[in-house]
Amino acid sequence: GINAEYGGELAMTGNHLALSHPTLENYLVNMSDHTIEELDLKDKLKQQEVMLGTLSEKLEGLELTVTKLTAECEEAESNRRDDIDLPVEIETAKAQAQHYVESTKEFKKLLSASGIKKEYTHESLQKLSEKVTALSTEIDLINKRIAEFKELPPSVPLAKEKIRQIKIEIETVEQEFPELACVS
């Protein structure tokens with residue numbers, strides 16, 4: 001009845017997760033490990049998104065400053081008379097514009113070198129967060145289903161099969177490593 005139905009589902013899930021022994025304990029440990037990995041990834045992505053946002057804001061600010069300084073330089077150039085040298089302010093503005101152009105290039109290189117990809121945007125991270133939430137909900141449902149089985153007495157045929165599998169594993173290890181063989 002119920003044991004066979006859930007046992008079959010557990011075995012199929014264990015095969016999908018490539019568990020060597022599709023037991024309930026191995027399944028729960030594997031699912032827990034995957035959940036922890038996803039949460040760690042979410043934290044790393046959030047940190048990179050913050051760094052990307054900061055770099056993007058600085059880059060936009062520099063681009064606006066460069067545009068403003070370039071416009072001021074062009075205006076000063078157009079107002080200049082040939083018989084008068086450029087004022088010190090214009091030379092300073094040109095130097096600042098050049099500095100900002102170089103800084104912008106450096107920030108673009110840093111942004112490119114940081115390895116931050118477009119899939120780390122807020123929208124992508126939000127979708128990942130929704131997936132983690134859905135998986136957490138799924139785990140909670142599975143845990144509720146598993147709780148029903150904790151009250152059931154152990155299955156004698158299942159225990160005998162488990163003992164048989166362990167004996168086969170012990171024999172295999174003893175054949176591969178005779179020095180580990182137990183003295184009977």
Side-chain angles (χ1 to χ4, degrees), residues 6 9-147:
Y6 287 117
E9 288 180 17
L10 185 60
M12 285 183 355
T13 304
N15 286 336
H16 178 70
L17 295 173
L19 297 176
S20 58
H21 298 289
T23 63
L24 179 61
E25 293 82 16
N26 286 344
Y27 174 80
L28 291 174
V29 168
N30 193 289
M31 289 303 293
S32 176
D33 289 345
H34 285 294
T35 302
I36 290 169
E37 289 172 11
E38 286 183 26
L39 292 173
D40 288 344
L41 177 61
K42 180 182 173 187
D43 288 342
K44 288 177 184 176
L45 291 176
K46 190 168 195 106
Q47 290 171 358
Q48 288 185 347
E49 181 186 18
V50 169
M51 186 172 80
L52 175 63
T54 302
L55 288 174
S56 294
E57 288 174 10
K58 287 182 180 182
L59 183 60
E60 289 174 8
L62 287 174
E63 289 175 341
L64 289 174
T65 303
V66 167
T67 303
K68 180 182 173 188
L69 289 174
T70 302
E72 288 176 8
C73 285
E74 289 173 359
E75 181 181 335
E77 286 273 343
S78 68
N79 293 335
R80 169 185 115 166
R81 295 187 318 217
D82 289 337
D83 59 336
I84 299 177
D85 289 333
L86 288 176
V88 174
E89 294 85 18
I90 293 175
E91 291 298 326
T92 303
K94 281 185 177 181
Q96 285 179 336
Q98 183 61 35
H99 171 73
Y100 287 127
V101 167
E102 291 171 7
S103 295
T104 301
K105 288 178 183 176
E106 287 180 36
F107 276 104
K108 284 182 179 179
K109 285 180 186 177
L110 280 173
L111 189 59
S112 175
S114 70
I116 296 175
K117 299 177 183 172
K118 289 185 179 181
E119 61 261 14
Y120 298 149
T121 62
H122 178 73
E123 293 81 20
S124 296
L125 292 174
Q126 190 66 31
K127 287 179 184 176
L128 285 174
S129 175
E130 289 169 6
K131 285 181 182 178
V132 167
T133 302
L135 285 172
S136 295
T137 303
E138 186 178 329
I139 288 172
D140 289 343
L141 292 174
I142 290 170
N143 283 335
K144 287 178 184 177
R145 288 174 58 192
I146 291 171

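All residue numbers refer to positions in the sequence shown, counting from 1. The shown structure was predicted, so the numbers you read here are calculated from the model rather than taken from an experiment.
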Between [Y] and [X], is there a side-chain heavy-atom distance shorter than 4.5 Å?
{"X": "Q48", "Y": "L52", "result": "no"}
{"X": "E72", "Y": "K68", "result": "yes"}
{"X": "Q47", "Y": "M51", "result": "no"}
{"X": "L55", "Y": "L59", "result": "no"}

[X] [atom1] to [Y] [atom2] distance, which is reported to the nearest 0.5 Å:
{"X": "T65", "Y": "E60", "atom1": "OG1", "atom2": "CD", "answer": "11.5 Å"}
{"X": "Q126", "Y": "L128", "atom1": "CD", "atom2": "CG", "answer": "9.5 Å"}
{"X": "T104", "Y": "E63", "atom1": "OG1", "atom2": "CD", "answer": "6.0 Å"}
{"X": "T92", "Y": "L69", "atom1": "OG1", "atom2": "CG", "answer": "10.5 Å"}
{"X": "S103", "Y": "Q96", "atom1": "OG", "atom2": "CD", "answer": "11.0 Å"}
{"X": "T70", "Y": "K94", "atom1": "OG1", "atom2": "NZ", "answer": "11.0 Å"}

Among E38, K42, K46, whose side-chain hydrogen bond (donor to acceptor under 3.5 Å, both in side chains) with S129 holds?
K42
Nearest non-hydrogen partners of L39 and V132, listed with the distance
CD2-CG1, 3.5 Å
